[in-house]
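Have a look at the structure below, then the notes.
Because the structure is a prediction, the values reported are computed rather than measured. Chain naming here is simple, since letters A, B, ... match the order of the sequence lines and numbering starts at 1 in each.
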2 protein chains.
Amino acid sequence: MELQEAKDRFIHTWGTLATQWGINRTMSQIHALLLLSPKSLNADEIMEELQISRGNVNMNLRDLMSWGLIYKQLLPGERKEYFQAEKDIWKAARQIGRERRRRELSPILETMEDIKKGVSDNSPESAEFLKVVNDIYAVAGFADNTLDLVTKSEESWLTSTFVKLFK
Amino acid sequence: MELQEAKDRFIHTWGTLATQWGINRTMSQIHALLLLSPKSLNADEIMEELQISRGNVNMNLRDLMSWGLIYKQLLPGERKEYFQAEKDIWKAARQIGRERRRRELSPILETMEDIKKGVSDNSPESAEFLKVVNDIYAVAGFADNTLDLVTKSEESWLTSTFVKLFK
DNA sequence: TTGAATTTTCAAAATATTCTGAAAGTTTTC
DNA sequence: GAAAACTTTCAGAATATTTTGAAAATTCAA
């Protein structure tokens, strides 16, 4: 079937792309599967569909929830837990931005502050070192602010105002 | 020595942080070492400093050059090749943005276009699938544009105009 | 309660990535 | 043009990450 083929290709490619930017392949594939699924899926269905183990599914569903990209759903009359992806891609993207900010930029800012505190003397060598540390701090801070700005904004506002203004 | 300790900590931490966002630890450490080094270094010096093999140093220097984060320098009267980091951190950051755009966003855009072409029928199921693909395309395109905008700009312009305007 | 259904955990296995070091390749000098 | 100085390559080793699957924990219905 043609459509199913395209969906499979989407899921597979999404997994491959993800590894290129440091994200677990299976996690991305589960996310892609849920994005494309009209109804929410349970662990068994995901295992079956992607041919992976129960533990793997469980672990990655957990991860996806911590990224805020999927939700757990309890269906009435069902014991099993069902999962659903956030279908608003713009919302999902903002969520990814928010998490990357927290996971990647915050640690840089904290570490640079810490290191600055550790250098007490004021020799020329120390000054030179501190310049690098301060510059990195400033760049990370700028990126953090910019991402914050963008992720806090609504899609409509962004596309209509932001892009036009700077194009 | 106090300063040396701080520098070592910087190099070590930089390597650890890098792994968290999908970048090779050694590559980051070499970059950090060159960032902190007032003079350019050759392969032997880097091997010695970071206690790693020649092959490893060579491979990662190559990688760093492809990212545009370091330069090869040929010193007169010296046979060995020396390496120097781009010391303008803002310039380096723009370089990273440019490369990530090329390496992470471009493939998404290409893949989504490809997949769209592959779906020919116009059933409701296909329409639903294409909506997801199109949305992802739009988000990736937006991110691509925004990064392009930011990386093309000069630091001074950014901090003075951009941030104030949106704060 | 009990026990069946389901989820979670985690040690070991499988896989993927990174690193080493020596051999091959290249460049430069004499 | 040969040898010394240096750089690159790459197969195998080391390390790190991911995955499995079965046992343990939890939840829920009766």
Among D/dC6, C/dT18, D/dT8, the nucleotide that comes nearest once only the side chain of B/Lys80 is considered: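 Ranking D/dC6, C/dT18, D/dT8 by closest atom to the B/Lys80 side chain puts D/dC6 first.
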Member of B/Gln73, B/Glu45, B/Gln84 meeting the side-chain hydrogen bond (donor to acceptor under 3.5 Å, both in side chains) criterion with B/Ser40: B/Gln73
CA sep, side-chain torsions, deciding dist, call: A/Thr16, A/Thr13, side chain to side chain donor-acceptor pair (under 3.5 Å): CA-CA 5 Å; A/Thr16 307; A/Thr13 314; over 6 Å; no
Exercise: identify the closest heavy-atom pair between B/Ile136 and A/Leu35: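 Taking B/Ile136 first and A/Leu35 second, the nearest heavy atoms are CD1-CD1, 4.3 Å.
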B/Lys91, NZ: over 12 other non-hydrogen atoms inside 6.0 angstrom: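 Not buried by this count: 12 neighbours or fewer within 6.0 Å.
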DNA chain C contacts made by residues 49-66 of chain A, counting heavy atoms under 4.0 Å: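 Here the set is A/Arg54, A/Gly55, A/Asn58, A/Arg62.
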Residue whose closest nucleotide on DNA chain D lies nearer the 5' end, A/Met27 versus A/Arg79: A/Met27
Which residues share a ring-ring contact (aromatic ring centres under 6.0 Å, His included) with B/Trp14, sequence neighbours left out: B/Phe10
Interatomic distance where CD belongs to A/Glu78 and P belongs to D/dT27 [whole Å]: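 Interatomic distance, CD of A/Glu78 to P of D/dT27: 18 Å.
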For atom CG of B/Asn24 and atom P of C/dT20, their distance in whole Å: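 Taking atom P of C/dT20 as the reference, CG of B/Asn24 is at 11 Å.
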Transitive ILVMFWY side-chain link B/Met27 to B/Ile96, under 4.5 Å: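 Both belong to a single hydrophobic cluster.
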Short side-chain N/O contact to D/dT18 OP1/OP2 from A/Thr26, under 4.0 Å: no
